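See structure below.
On a predicted model such as this, the values are computed, not experimentally measured, just so you know.
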Amino acid sequence: MTVTLADVAARAQVSPATVSRVLNGNYPVAASTRERVLKAVDELDYVLNGPASALAAATSDLVGILVNDIADPFFGIMASAIQSEIGGPGGRAGGERLAVVCNTGGSPERELTYLTLLQRQRAAAVVLTGGAIEDAPHKAAMDAKLRKLADAGTRVVLCGRPPAPEAGAIALTFDNRGGGRELTEHLIGLGHRRLGYIAGPEERTTTRHRLEGHRAALAAHGIEEDPRWTVHGRYDRRSGYEATLELLRRDPSLTAVVAANDTVALGACAALRDSGLSIPRDVSVAGFDDLPFSIDAVPALTTVRLPLAEAGARAGRIAMGREEPPPGGVASVRGELMVRGSSGAPRA
């Protein structure tokens, strides 16, 4: 049953006019009253009709792009490619569509809040990028929110996220397991048997999938993983630096460090140099994603190239209805191993 303005007013114990003033922000309202109204809106999942120009249509000309961190090239590349496919004519009455990049900062609450705001504005499409958070209540809340968006006519596309069939979303997933396995197998093929691993945040699907690929490679070659060889941290340079120092403290005999992504790998390289170690003569280093700076690192990073721009552009076309969704609504995007100067055979 559709929730009305009157329902919100009854829950908040105020008049419908007061609810309207709070939502429109065009009249002063006491802070306690405003808080009560917004709480009722959230509890009832009330959807504001948005701008008057959108009332006659199922959707507006707004397109939302959710990213974890727009300053991270991983997300910036995808967001730019998505937006390039959204721009230009195609909106109602032949007008332009407006792309809005929503920076969640990795917060589950902000992720849901942005989706609610986009729902209220009757967004034409929503594209969510990067890995998902592995938390059962949050996943249930996300599936429910995305399903409501899809049922209301919003195209929902996941780019670099695991499939969410319950949400009615199209998914372009990255083969993080396969890439993680291929990267570690490359190092094992060079002769490495003592490999440290710097993983991302434990609650992220990307972290788990890449780590599973790494461990699958170790197991396939009969290498027993030492618990000391894995450290979790953020997807940033500082985390890579600190984690590498910790790995060296735990086991100075490591001959290779595999990083969760290229930014983390840069931090690992800095820590090794500051520790008086040479790359790859003393310790090999490998990253993931093949971000633009990877080839300019010294030495250039061995990594797995994910086609971020290509996947983002495809997600944008699907979101705009200019490309058919993949069969079954899911497509797996494979990475490519890029062997460069940061990896070599271990010293005898």
Any idea which heavy atoms bring [X] and [Y] closest together, and the distance?
X	Y	value
Thr173	Pro163	CG2-CD, 3.5 Å
Pro292	Ile77	CD-CD1, 3.7 Å
Val264	Ala259	CG1-CB, 3.8 Å
Ile198	Ala268	CD1-CB, 4.1 Å
Ala217	Arg181	CB-O, 3.7 Å
Gln83	Ile65	N-CD1, 4.2 Å

N/O donor-acceptor pair under 3.5 Å between [X] side chain and [Y] backbone:
X	Y	result
Arg11	Ala40	no
Thr18	Val14	no
Asp7	Thr4	yes
His192	Val257	no
Ser20	Ala17	no
Asn103	Ile70	yes
Asn68	Gly106	yes
Ser80	Gly76	no
Asp262	Asp290	yes
Ser294	Leu291	yes

Are [Y] and [X] connected in a single hydrophobic cluster, I mean Ile/Leu/Val/Met/Phe/Trp/Tyr linked by side-chain heavy atoms less than 4.5 Å apart?
X	Y	result
Ile188	Val258	yes
Leu277	Leu195	yes
Leu254	Leu245	no
Leu115	Val100	yes
Val330	Leu158	no

Do you see a donor-acceptor pair shorter than 3.5 Å between the side chains of [X] and [Y]?
X	Y	value
Arg237	Tyr241	no
Ser253	Arg194	yes
Ser343	Thr302	yes
His138	Glu109	no

Taking C-beta and beyond as the side chain, do [X] and [Y] meet within less than 4.5 Å on heavy atoms?
X	Y	answer
Val231	Arg250	yes
Thr154	Gln119	no
His232	Pro201	no
Phe74	Asn261	no
Leu62	Leu118	yes
Leu308	Phe75	no
Glu202	Thr207	no
Ile170	Val156	no

Just wondering, more than 12 heavy atoms not from [X] lying within 6.0 Å of its [atom1]?
X	atom1	answer
Gln13	CD	no
Arg340	CZ	yes
Glu43	CD	yes

Rounded to the nearest 0.5 Å, how far does [atom2] of [Y] lie from [atom1] of [X]?
X	Y	atom1	atom2	answer
Leu187	Arg193	CG	CZ	10.5 Å
Asp289	Leu306	CG	CG	5.0 Å
Cys269	Asp274	SG	CG	11.0 Å
Ile82	Cys159	CD1	SG	5.0 Å

side-chain contact (heavy atoms from CB on, under 4.5 Å) evaluation trace for Leu247 with Thr230
CA-CA 8 Å; Leu247 286 171; Thr230 300; over 6 Å; no
Test salt bridge (Lys or Arg N to Asp or Glu O under 4.0 Å), reference Asp143, set Lys139, Arg147, Lys145, output is Lys139
List the steps and the verdict of salt bridge (Lys or Arg N to Asp or Glu O under 4.0 Å) for Glu111 and Arg161.
CA-CA 14 Å; Glu111 195 170 49; Arg161 286 200 173 207; 2.3 Å; yes
Any Lys/Arg nitrogen of [X] or [Y] sitting under 4.0 Å from an Asp/Glu carboxylate oxygen of the other?
X	Y	answer
Glu134	Arg204	no
Arg238	Glu242	yes
Arg273	Asp282	no
Asp226	Arg228	yes

Pair Thr116, Arg120 - check side-chain contact (heavy atoms from CB on, under 4.5 Å), show working.
CA-CA 6 Å; Thr116 298; Arg120 291 175 185 170; 3.6 Å; yes
Verdict with supporting geometry, Glu336 and Arg305, salt bridge (Lys or Arg N to Asp or Glu O under 4.0 Å)
CA-CA 5 Å; Glu336 178 185 359; Arg305 180 186 184 273; 5.2 Å; no
Derivation and outcome, side-chain contact (heavy atoms from CB on, under 4.5 Å), residues Val304 and Glu182
CA-CA 8 Å; Val304 172; Glu182 187 176 11; 5.7 Å; no
Assess the residue pair Arg208 and Glu212 against the criterion (salt bridge (Lys or Arg N to Asp or Glu O under 4.0 Å)); give the C-alpha distance rounded to whole Å, side-chain angles, the decisive distance to 0.1 Å, and a yes or no.
CA-CA 6 Å; Arg208 178 169 61 84; Glu212 286 175 350; 3.0 Å; yes
Assess whether side-chain contact (heavy atoms from CB on, under 4.5 Å) is satisfied between Leu301 and Ile295, documenting all intermediate values.
CA-CA 6 Å; Leu301 277 176; Ile295 197 168; over 6 Å; no
